[in-house]
Amino acid sequence: MNITKEQIDELNAVVRVAITKDDYQDKVNKILKDYRKQANIPGFRKGQVPMGLIKKQYGKAVLVDEVNKLLQDNLNKYLTEEKLDVLGNPLPKQQDGFDWDKEEFDFEFELGLAPNFEVPLKTKKAITHYHIVADKKMVDEQVERIQKQYGKLVSKTEVSKNDEVTGTFKNEDEEVDNKATLEFSMLKSKKAIDNLVGKKVGDVVLLKTKGLGKEDNFLTSVLGISAEKAEKLNIEVSFTIEEINEREPAKLDQELFDKLFGPDAITSEKELKARIKEDSEKQFEQQSDQKLLNDITTYFIENTKFDLPTGFLTKWIQMTGENPLTDEQASEEYEKSEKGLRYQLIEGKVIKDNDIQIQFDELKEFAKGFIKSQMAQYGQLNPAEEELDNIAARVMSNQDEVKRLSEQLMSQKLLNLYKEKANLKVKEVTYENFVKEVYG
């Protein structure tokens with residue numbers, strides 16, 4: 001077997017593979033002998049079928065299969081040994097008059113080669129890195145939410161604006177029949193609020209759905225209907241009051257502090273607010289880091305200049321897609337994927353140049369940190385180390401989860417590198433202003 005490469009230009013090459021009879025004959029003969037031992041053909045005893053008949057019946061199929069295996073194995077080996085950084089996969093060139101009845105075969109493959117380029121991490125333009133702070137208003141609101149969440153319900157006989165009212169919504173025409181609890185903080189309609197105040201258990205209140213709640217998913221939640229239906233709904237529903245409760249806020253005492261953070265971790269309201277501020281800003285850090293990563297990604301795509309083997313990649317998309325594509329469709333698909341491909345190459349270059357690697361132990365610790373943060377969202381603030389180890393072991397046994405966590409950890413390592421090397425300017429903002437500035 002002989003493999004040669006012709007360099008067309010910096011980004012395109014053709015590899016030629018010449019296969020002779022000596023390369024495949026022994027393997028083909030062995031397979032045909034095995035076929036002969038197992039063949040059941042009428043008129044012949046098992047194992048006694050003439051080899052000529054076996055070759056006639058199976059010879060070409062075995063030949064084609066073995067030559068293709070030989071071709072693929074040796075082509076991949078050649079690309080690895082020659083350290084050719086190819087994009088996509090080698091594409092076989094169409095050959096007129098190819099004949100499987102010959103004893104020697106020549107194959108040609110088109111290659112798209114990755115470009116050579118540099119990625120200066122010290123960006124020319126200063127990129128904003130937001131530092132989001134939790135202001136006094138936000139901390140105070142969070143304290144109020146905690147007091148409400150851990151407070152106790154006190155039954156009442158008459159509705160006032162601070163109450164939680166449980167009842168059943170009904171509308172026969174729209175098949176609405178759903179029990180839900182209303183908090184006045186959810187309501188947007190002043191008329192609905194006025195209609196509810198002063199009512200008692202057993203009273204029926206008629207409410208217009210249009211503009212009833214503040215949040216987009218309000219009707220979906222309280223009426224038990226789909227978001228699509230809720231979006232178009234403009235009807236009147238009856239609300240039969242079944243229960244009225246006032247939520248008495250929990251006291252800011254040691255009992256509450258211990259419930260939240262464990263025994264004696266927090267001992268005063270001042271420490272509670274400081275902890276809330278610290279925890280909130282840690283969560284905000286994830287959002288500011290994601291914004292920074294997105295901005296640096298965009299910067300690199302726009303400012304790292306290199307050519308791609310566009311013709312090859314368009315043809316590769318056309319030939320390897322699930323469904324046949326026209327030339328125009330393939331070009332459109334290439335345009336859609338070009339930015340993503342460019343960043344894959346840029347990211348790969350950064351990882352290689354800076355020798356960024358992921359070790360199993362650090363991936364496991366990363367998984368435990370991720371699990372711990374998820375548990376904290378459900379009030380489990382101090383899970384035992386043994387429990388974290390057990391959950392992490394289950395997570396690490398799932399290959400899809402390992403891949404997902406590996407990608408997240410690699411993003412974190414890249415982000416740390418960018419924070420160290422890139423030209424950043426820190427901007428301190430409240431969360432409210434961050435949302436306005438970044439998302440409009």
_For a side-chain contact (heavy atoms from CB on, under 4.5 Å) check, start with the C-alpha distance between L292 and Y418, then their side-chain angles and the critical distance, and finish with the verdict._
CA-CA 9 Å; L292 177 61; Y418 299 151; 5.6 Å; no

*Show your working on side-chain contact (heavy atoms from CB on, under 4.5 Å) between I8 and V14 and close with a plain yes or no.*
CA-CA 7 Å; I8 306 301; V14 172; 4.1 Å; yes

*Evaluate the criterion side-chain contact (heavy atoms from CB on, under 4.5 Å) for residue pair L252 and V143; output intermediate values, then yes/no.*
CA-CA 9 Å; L252 295 175; V143 171; 4.0 Å; yes

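Remark: K336 engages E333 in a salt bridge, criterion side-chain N to carboxylate O under 4.0 Å. The existence of a salt bridge linking R342 and E338 is confirmed by a sub-4.0 Å separation between a basic side-chain nitrogen and an acidic carboxylate oxygen. Note on E278 versus R275: no salt bridge recorded, every NZ/NE/NH1/NH2 to OD/OE distance being 4.0 Å or above. The pair E285-K282 does not count as a salt bridge, with every side-chain nitrogen at least 4.0 angstrom from each carboxylate oxygen. A salt bridge links E164 and R247; the closest N-O separation between the charged side-chain nitrogens and carboxylate oxygens is under 4.0 Å. We find that E215 and K188 are not joined by a salt bridge, their nearest charged nitrogen and carboxylate oxygen being 4.0 Å or further apart. Comment: K148 does not engage E144 in a salt bridge, judged by the lack of any side-chain N to carboxylate O separation of less than 4.0 angstrom. Between D73 and K77 no salt bridge is recorded (no basic side-chain N to carboxylate O distance below 4.0 Å). A salt bridge between K277 and D135 is absent, with no side-chain N of the basic residue lying under 4.0 Å from a carboxylate O of the acidic one. Ion pairing of R394 with E401 is absent here, as no side-chain N (NZ or NE/NH1/NH2) approaches a carboxylate O to less than 4.0 Å. The existence of a salt bridge linking K69 and D65 is confirmed by a sub-4.0 Å separation between a basic side-chain nitrogen and an acidic carboxylate oxygen.
Between the D163 side chain and the S160 main chain, a donor and an acceptor come within less than 3.5 Å of each other. Although no hydrogens or angles enter the test, the distance criterion places no donor-acceptor pair under 3.5 Å between the side chain of E141 and the main chain of M138. Side-chain N or O atoms of E271 include none that pairs as donor or acceptor with a backbone N or O of I266 at under 3.5 Å. Listed for the K403 side chain is no donor-acceptor partner under 3.5 Å among the backbone atoms of N398. At least one donor-acceptor pair under 3.5 Å links the side chain of T209 to the backbone N or O of I235. Within the 3.5 Å criterion, the main-chain N or O of A192 finds a donor-acceptor partner in the side chain of S189.
We find the CD1-CD distance between I276 and E269 to be 9.0 Å, quoted to the nearest 0.5 Å. The distance from the CG atom of N390 to the CD atom of E385 is 10.5 Å, given to the nearest 0.5 Å. Rounded to the nearest 0.5 Å, atoms CG (D253) and OG1 (T267) are 12.5 Å apart. How far CD of Q344 is from OG of S337: 9.0 Å, rounded to the nearest 0.5 Å. With rounding to the nearest 0.5 Å, the separation of CZ in R145 from CG in D140 is 10.5 Å. Here CD1 of I358 is found 8.0 Å from CD1 of I351. Values are rounded to the nearest 0.5 Å.
Checking each of L409, L415, L417 against K413 for a side-chain contact (heavy atoms from CB on, under 4.5 Å) leaves exactly one that passes, namely L409.
Residues D355 and Q357 have side chains that bring a donor and an acceptor to within less than 3.5 angstrom of each other. At a cut-off of 3.5 Å, with distance as the only test, no side-chain donor of D295 or T298 sits close to an acceptor on the other residue. Using a 3.5 Å distance cut-off with no hydrogens or angles, the side chains of Q254 and D258 do pair a donor with an acceptor. Looking only at atom types and distance, the side chain of N171 has no donor-acceptor partner in the side chain of E236 under 3.5 Å away. In summary, the side chains of T314 and S331 do not present any donor paired with an acceptor at a separation below 3.5 Å, with no hydrogens or angles considered. For the residue pair N416/Q412, the side-chain donor-acceptor check at 3.5 Å is satisfied. With no hydrogens or angles considered, a side-chain donor-acceptor pair links Q290 and N294 at under 3.5 Å.
Minimum heavy-atom separation, E281 to I132: CG-O, 3.6 Å. Of all the heavy atoms in L405 and A367, the pair that sits closest is CD1-CB, 3.7 Å. Between L196 and V159 the shortest heavy-atom distance is O-CB, 3.3 Å. When every heavy atom of F169 is checked against every heavy atom of L207, the shortest pair comes out as CE2-CD1, 4.0 Å. Summarising the geometry of D279 relative to F261, their closest heavy-atom pair is OD2-CE2, 3.9 Å, with the distance given to 0.1 Å. For Q95 against E108, the heavy-atom pair with the smallest separation is OE1-N, 4.1 Å.
For D9, the side chain to side chain donor-acceptor pair (under 3.5 Å) test picks out N12, with sequence neighbours left out.
Counting heavy atoms from C-beta on, the side chains of T168 and D177 come closer than 4.5 Å. Side-chain atoms of Y78 and V15, non-hydrogen and from C-beta on, do get closer than 4.5 Å to each other.
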Donor-acceptor pairs under 3.5 Å, side chain of residues 431-440 to any protein atom, not counting sequence neighbours: which ones?
from: Y431; atom 1: OH; to: Q287; atom 2: OE1; distance (Å): 3.4
from: N433; atom 1: ND2; to: T430; atom 2: OG1; distance (Å): 3.3
from: E437; atom 1: OE1; to: K427; atom 2: NZ; distance (Å): 3.1
from: E437; atom 1: OE2; to: Y130; atom 2: OH; distance (Å): 2.8
from: E437; atom 1: OE2; to: K427; atom 2: NZ; distance (Å): 2.8

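Within 6.0 Å of NZ on K210 lie no more than 12 heavy atoms contributed by other residues, nucleotides or ligands. Other residues, nucleotides and ligands contribute only 12 or fewer heavy atoms inside 6.0 Å of the NZ atom of K179.
Centroid-to-centroid, the aromatic rings of W100 and F105 come within less than 6.0 Å.
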